[in-house]
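Only one structure is covered here, and it is reproduced in the block below.
Both counts, for ligands and for their atoms, begin at 1 and track the order of listing. Residue numbers run from 1 in the order of the sequence given.
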Amino acid sequence: MTTKQLYNQIQQKKSFLCVGLDVDLTKIPQHLLATEDPIFEFNKAIIDATHDLCVSYKPNTAFYEAYGLKGWQSLEKTINYINEKYPDIFTIADAKRGDIGNTSTMYAKAFLEDLNFDSVTVAPYMGKDSVEPFLAFENKHTILLGLTSNEGAFDFQTQEIDGKPMYQTVLETSKTWKNSENLMYVVGATKAEYFKEIRNIVPDSFLLVPGVGAQGGSLEDVCKFGMNKQVGLLINSSRGIIYASNQTDFAEAARTEALKLQKAMAIILEQN
Ligand SMILES: O=c1ccn([C@@H]2O[C@H](COP(=O)(O)O)[C@@H](O)[C@H]2O)c(=O)[nH]1
């Protein structure tokens with residue numbers, strides 16, 4: 001999928017919402033545990049209930065890897081379901097990979113070729129040769145960790161080397177790499193005050209923004225400095241949407257929460 005197609009979806013749906021599919025078997029409705037594949041049944045119901053309100057789904061692979069082979073199979077069924085039933089939706093494997101070149105190539109094949117996600121999140125700290133194998137995939141996107149939403153982001157990412165915070169060096173250096181058109185960045189909603197500076201460095205890139213909802217980030221604050229001509233934002237909420245209820249009405253409750261965010265986004269889009 002191209003960023004132009006993603007932008008078209010944003011305009012059509014008046015939404016730049018990404019729903020996070022972080023399935024924890026201890027939090028999903030009990031009745032689903034009796035089914036053959038509770039993770040997939042949960043995801044399928046959430047996806048069917050929210051697909052018209054969001055432009056992206058982001059399963060965090062940790063929540064599938066934690067359940068071994070069965071978890072990986074649930075992830076595969078989920079991505080196949082989205083690709084077959086809702087092919088216009090942008091898919092993100094939140095896997096935070098990155099290794100020496102030949103290993104990164106295998107990670108890239110796993111997520112972008114075998115599972116056929118549109119994008120994968122990648123950690124930047126092993127440098128250019130660890131990221132370029134992901135960028136080698138045409139029409140796919142690499143989402144590099146820029147400035148993350150957690151408190152630990154201040155341990156390294158904002159630390160200065162030669163007078164410049166490390167996250168800025170990551171943005172400036174990575175945008176010179178091969179096929180950087182297909183590069184996006186993760187920037188946490190909890191770091192709203194950094195968006196102005198980040199937009200100066202990467203004015204045209206899409207930013208994947210987790211941290212709205214359960215982590216307390218503000219949609220309005222992020223949009224104020226984070227939006228660009230193509231909107232340029234994918235705002236993720238996972239727990240705030242998918243665990244709105246743990247009863248039989250869980251999918252409707254998820255839709256209600258997604259709708260609240262979509263309506264707020266529609267207003268912001270109208271004003272910009
Ligand atoms: O900086 C980051 C990078 C990734 N995440 C991931 O996003 C979701 C957020 O979930 P919520 O339930 O909406 O808090 C989750 O998969 C994280 O691992 C992040 O939060 N911050």
Side-chain angles (χ1 to χ4, degrees), residues 15-28 39 42-43 46-47 50 53-67 71 74-75 78-79 90-98 111 117 119-125 141-158 165-167 170-171 174 183-195 198 202 205-219 221-222 226 233-246 250 253-254 256-258 260-262 264-265:
S15 169
F16 41 102
L17 176 63
C18 168
V19 175
L21 301 172
D22 296 355
V23 188
D24 177 342
L25 286 179
T26 66
K27 289 189 179 155
I28 71 173
I39 297 180
F42 179 77
N43 280 346
I46 297 280
I47 293 163
T50 57
L53 304 174
C54 67
V55 293
S56 178
Y57 287 109
K58 181 181 81 64
N60 187 314
T61 59
F63 289 83
Y64 301 82
E65 292 171 68
Y67 299 111
S74 304
L75 178 64
T78 301
I79 181 65
F90 185 75
T91 54
I92 303 168
D94 191 358
K96 301 184 184 70
R97 299 302 152 103
F111 292 107
F117 277 91
S119 66
V120 58
T121 58
V122 172
Y125 289 100
H141 303 265
T142 300
I143 312 183
L144 213 55
L145 299 182
L147 183 59
T148 57
S149 66
N150 58 326
E151 195 54 30
F154 298 114
D155 290 343
F156 302 119
Q157 297 165 30
T158 55
M166 217 188 294
Y167 80 87
V170 167
L171 301 178
S174 62
L183 202 47
M184 302 181 179
Y185 297 93
V186 173
V187 181
T190 52
K191 306 285 189 307
E193 66 276 25
Y194 290 83
F195 274 79
I198 288 168
V202 285
S205 308
F206 261 88
L207 306 178
L208 169 63
V209 185
V212 165
Q215 296 178 52
S218 150
L219 172 68
D221 289 353
V222 168
L233 296 173
L234 291 172
I235 304 282
N236 177 82
S237 175
S238 308
R239 288 167 291 176
I241 292 178
I242 67 174
Y243 299 129
S245 162
N246 65 358
F250 70 99
T256 303
E257 290 308 310
K260 281 184 201 160
L261 280 169
Q262 185 274 325
M265 288 174 183

Closest protein heavy atom (residue, atom, distance) for [atom]:
atom	answer
atom 10 (O) of ligand 1	Ser238 OG, 3.2 Å
atom 16 (O) of ligand 1	Asp22 OD2, 2.6 Å
atom 21 (N) of ligand 1	Ser149 OG, 2.6 Å
atom 18 (O) of ligand 1	Asn60 ND2, 2.9 Å

Output for pair (Leu261 CG, Leu53 CG), nearest 0.5 Å, gives 10.0 Å
When rounded to the nearest 0.5 Å, the distance separating CZ of Phe117 from OG1 of Thr78 is 8.0 Å
Are side-chain heavy atoms of His141 and Phe206 found at a separation under 4.5 Å? no
Does the side chain of Tyr194 reach to within under 4.5 Å of the side chain of Val187, using non-hydrogen atoms? no
Which bit of Leu145 is near ligand 1, meaning a heavy atom under 4.0 Å away: side chain, backbone, both or neither? neither
With atoms numbered from 1 as shown, which atoms in ligand 1 lie under 4.0 angstrom from a non-hydrogen atom of [X]?
X	result
Thr148	1 (O)
Arg239	11 (P), 12 (O), 13 (O), 14 (O)
Lys96	3 (C), 4 (C), 18 (O)
Lys58	6 (C), 7 (O), 8 (C), 15 (C), 16 (O)

With a 6.0 Å cut-off (strictly less than), is the heavy-atom count around CZ of Phe154, excluding the residue itself, greater than 12? yes
Check this for me: Glu193, atom CD, are more than 12 non-hydrogen atoms of other residues, nucleotides or ligands nearer than 6.0 Å? yes
Tell me whether Gln215 has any N or O atom under 3.5 angstrom from an N or O of ligand 1. yes
Per side-chain contact (heavy atoms from CB on, under 4.5 Å), Phe195 is matched among Leu147, Asp221, Val209 by Val209
Ignoring hydrogens and geometry, is there a side-chain-to-backbone donor-acceptor pair from Lys191 to Ser149 under 3.5 Å? yes
Does ligand 1 have an atom that lies less than 4.0 angstrom from a heavy atom of Asn236? yes
